[in-house]
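Only one structure is covered here, and it is reproduced in the block below.
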Amino acid sequence: MGDGAGGGRYRREDVARAAGVKVRNLRYYQERGLLPPPRREGRIAWYSDDHLTRLRLISDLLGRGYTVNGIAELLQAWEGGGGLSGLLGLERELTRDWVREEPVTMTRAELRELFGPAATAEDTRRAAELGYVTVDGDLVTHRSPRLLDATLALVREGVPLADILDAGEFVQAQAAALADRFVGLFRRHVIGPAGLERLSAKQLQHITEAVTALRPVAGEVVTTEFARAMARRVDEEVAELLRTEQ
DNA sequence: CTTCTTACA
DNA sequence: TGTAAGAA
């Protein structure tokens with residue numbers, strides 16, 4: 001959070017890699033109006049954090065089966081609401097903290113050292129496929145230090161990495177479903193049927209505040225319910241173990 | 001030489 | 001979506 005969020009400090013290749021899209025598609029998205037043009041400085045194009053956020057949103061939506069045109073419409077509706085600055089503000093609110101973690105980069109050797117012989121190249125490939133890491137030559141970048149730590153903790157307890165990745169894939173699907181559910185609620189009851197198209201600056205402000213207020217609620221509900229489910233399940237498991245060992 | 005664009009398959 | 005060719 002040191003320097004201003006405005007400017008632009010990514011080159012074409014950098015944003016593309018960070019967002020997990022191909023460089024070729026930057027231009028494509030631009031042409032389709034999904035991505036604002038970068039700031040130009042001579043022959044180099046500078047992309048900002050806002051571009052990166054937008055790019056991640058686009059590739060995520062695309063990955064879930066939305067069409068390019070569908071996304072264009074959505075984005076257009078948003079822009080109609082509060083102008084570009086309002087849109088970018090809301091977009092930031094919607095995704096903050098969920099994508100804000102600072103990635104960690106290490107060499108393959110360092111990765112092996114962390115995981116020990118348990119980690120195969122196949123595991124790395126799979127982790128990349130699931131979006132946990134991106135591989136660039138000898139460098140491996142993990143999206144989330146927290147997830148990396150959690151994975152390491154499990155591996156050190158003897159859980160096979162392949163099984164952890166299976167669990168990760170499952171959790172991703174469930175998490176996406178949960179997020180869809182919450183976003184659906186939000187859309188229906190906070191934004192309303194009118195959509196964002198003709199909202200005043202004040203209304204947009206209210207929505208932004210609502211997002212800020214409600215985001216922790218969604219997390220709260222999920223962690224609480226998860227804790228309860230885990231407690232129940234663990235109790236059952238313990239009871240079962242005690243039964244069979246008698 | 002590198003970074004982008006244009007244009008075509 | 002890949003890529004050859006040209007502009008800057």
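Below, each value reflects all heavy atoms present in this structure, side chains not excepted, and no hydrogens, waters or symmetry copies. In the text below, chain A, chain B and the rest are named by the order of the sequence lines, each starting its count at 1.
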Judged by each residue's nearest nucleotide on DNA chain B, which is more toward the 5′ side, A:Glu13 or A:Glu31?
A:Glu13
Rounded to whole angstrom units, what separation is found between the CH2 atom of A:Trp46 and the C1' atom of B:dT3?
12 Å
Measure from CG on A:Leu26 to C1' on C:dT3 and round the result to the nearest Å.
16 Å
note: A:Tyr47, atom OH; B:dC4, atom C1'; distance rounded to Å ~ 9 Å
In whole angstrom, what separates A:Arg43's CZ from B:dT3's P?
10 Å
Could you please spell out the steps behind the salt bridge (Lys or Arg N to Asp or Glu O under 4.0 Å) verdict for A:Arg54 and A:Asp49?
CA-CA 8 Å; A:Arg54 175 78 136 245; A:Asp49 280 325; over 6 Å; no
Are A:Lys22 and C:dT1 close enough that a side-chain N or O sits under 4.0 Å from OP1 or OP2?
no
Same cluster for A:Leu165 and A:Leu114 if Ile/Leu/Val/Met/Phe/Trp/Tyr side chains link at under 4.5 Å?
yes
Separation of atom OH in A:Tyr29 from atom C1' in C:dT1, rounded to whole Å
11 Å
Where the side chain of A:Ile44 is concerned, which of B:dC4, B:dA7, C:dA8 is the nearest nucleotide?
B:dC4
Is it true that A:Arg11 and A:Asp14 make a salt bridge, defined as a side-chain N closer than 4.0 Å to a carboxylate O?
yes
What is the distance from CD of A:Gln30 to P of B:dC4, rounded to the nearest Å?
11 Å
OP1 or OP2 of B:dT5 under 4.0 Å from side-chain N/O of A:Arg40:
yes
Contact class for A:Arg27 vs. all strands (heavy atom < 4.0 Å): base, sugar-phosphate, or nothing?
base
Test item: A:His51 and A:Pro36 side chains (from C-beta on) under 4.5 Å apart, heavy atoms
yes
Starting at CD of A:Glu41 and ending at P of B:dC4, how long is that distance when rounded to a whole Å?
11 Å
Residue A:Arg11, side-chain atoms from C-beta onward, closest of B:dT5, C:dG2, B:dT3:
B:dT3
